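Keep in mind that what you see is a predicted model, and the values were worked out from it rather than measured.
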Amino acid sequence: MSASAQPQTINVADLDVAQLRDVRRQLEEELQHLTGSFQQLKAAQAKFRSCLENVAEVKPANKGAFPVLDNRVGEILIWLDVDRTILVPLTNSLYVPGKLRDPDNVIVDVGTGYFVKKSRADATKHYNSKIDYVRENLEKLQETLSKKQDNLQYVANIMVAKEQGAAAAGGKEAAS
């Protein structure tokens, strides 16, 4: 057999019931794995969206000063410097008090434990590109899942037909 041999195509209808069970089991395992991957990608997409929302919340107004407005004309009279405390997330469930010193830049987790200082605009671009990338992969994975489900249904239908054919043939032999 040569290294450039093409994979052989087998008609599923030519397989016996035991072989069809093996094919069905394999398809079910693949579907289970792909479904898990789909859920992980959805979770990653939600995390990136959350990061995007958090970047949007970092504003110069949150730095520690706030304007005192003249309500008659809507103009800023003075800026009051206050000791504004924010909650800084250390984990998903642990927050510590902190102060925002540089509202124009954020720290972005770029993966594998590396963090990069980016402007809010660059961080927004970064997370939007991540969200788009994950969305594209989710669409491809959804197509693959759909094809696998169709294949599984096809194999199940063939199994039922073969089992019914075997039962009918067994009934005819018993009647003879």
Side-chain angles (χ1 to χ4, degrees), residues 1-59 86-96 103-172:
M1 186 176 233
S2 69
S4 64
Q6 295 294 324
Q8 209 175 10
T9 304
I10 298 173
N11 186 353
V12 179
D14 295 339
L15 300 176
D16 62 34
V17 176
Q19 291 170 321
L20 287 171
R21 280 192 189 104
D22 290 340
V23 171
R24 183 184 67 186
R25 182 187 46 75
Q26 182 181 356
L27 284 169
E28 287 171 344
E29 288 173 2
E30 289 174 8
L31 265 172
Q32 186 177 17
H33 174 72
L34 291 171
T35 301
S37 297
F38 188 85
Q39 291 169 343
Q40 289 175 344
L41 281 174
K42 284 297 254 184
Q45 188 180 46
K47 183 178 176 183
F48 289 137
R49 283 193 175 131
S50 175
C51 290
L52 189 60
E53 291 169 5
N54 291 336
V55 168
E57 287 298 316
V58 177
K59 302 171 188 157
I86 62 170
L87 291 175
V88 180
L90 294 181
T91 67
N92 286 339
S93 60
L94 178 62
Y95 294 79
V96 295
D104 297 321
N105 294 295
V106 294
I107 303 296
V108 175
D109 181 356
V110 293
T112 63
Y114 289 98
F115 296 86
V116 176
K117 181 178 179 180
K118 290 185 178 266
S119 69
R120 288 184 10 242
D122 286 345
T124 299
K125 287 179 193 172
H126 172 78
Y127 287 122
N128 277 327
S129 70
K130 291 285 190 182
I131 290 168
D132 290 343
Y133 178 75
V134 171
R135 180 187 45 76
E136 290 168 5
N137 282 303
L138 280 168
E139 290 169 359
K140 291 175 187 174
L141 187 54
Q142 182 63 47
E143 287 177 32
T144 303
L145 275 167
S146 180
K147 289 175 185 173
K148 291 285 182 186
Q149 288 169 336
D150 291 345
N151 290 345
L152 181 61
Q153 185 62 43
Y154 180 71
V155 167
N157 289 342
I158 291 174
M159 281 181 63
V160 167
K162 285 197 177 230
E163 289 170 345
Q164 287 175 347
K172 288 181 183 176

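Within a 6.0 Å radius of NZ in Lys118, more than 12 heavy atoms belonging to other residues, nucleotides or ligands are found.
For the atom pair Phe48 CZ and Ile131 CD1, the distance stands at 8.0 Å (nearest 0.5 Å). How far CG of Leu34 is from CG of Leu141: 5.5 Å, rounded to the nearest 0.5 Å. One finds the CD atom of Gln45 at 13.0 Å from the OH atom of Tyr133 (value rounded to the nearest 0.5 Å). Rounded to the nearest 0.5 Å, atoms CZ (Arg49) and CG (Asn128) are 10.0 Å apart. Atom CG of residue Asn11 and atom CD1 of residue Ile158 lie 7.0 Å apart, to the nearest 0.5 angstrom.
Side-chain contact check for Glu28 versus Arg24: some heavy-atom pair is nearer than 4.5 Å. Side chains of Tyr154 and Asp150 form no contact here, defined as non-hydrogen atoms less than 4.5 Å apart. Side-chain contact between Val110 and His126 is present, with at least one heavy-atom pair separated by less than 4.5 Å. Ser50 places a side-chain heavy atom less than 4.5 Å from the side chain of Asn54.
Scanning all heavy atoms of the two residues, the minimum distance from Phe115 to Ile107 falls at CB-CG2, 3.5 Å. A pairwise comparison of heavy atoms in Leu20 and Val12 identifies CD2-CG1, 3.3 Å as the closest pair. The minimum heavy-atom distance between Ala123 and Val106, with the atom names listed, is CB-CG2, 3.5 Å.
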Report task. Mind running salt bridge (charged side-chain N to carboxylate O under 4.0 Å, His left out) on Arg25 and Glu29 for me, showing each step along the way? Result -> CA-CA 6 Å; Arg25 182 187 46 75; Glu29 288 173 2; 3.2 Å; yes
### Message
Quick one, Asn157 with Gln153, criterion side chain to side chain donor-acceptor pair (under 3.5 Å). Give me CA distance, side-chain angles, the key distance, then yes/no.
### Response
CA-CA 6 Å; Asn157 289 342; Gln153 185 62 43; 3.0 Å; yes
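Within the 3.5 Å criterion, the main-chain N or O of Leu138 finds no donor-acceptor partner in the side chain of Lys42. A side-chain donor-acceptor contact under 3.5 Å links Lys162 to the backbone of Leu15.
Listed by first and then second residue, the side chain to side chain donor-acceptor pair (under 3.5 Å) pairs that reach into residues 138-148 are Glu30-Lys148, Arg135-Glu139, sequence neighbours excluded.
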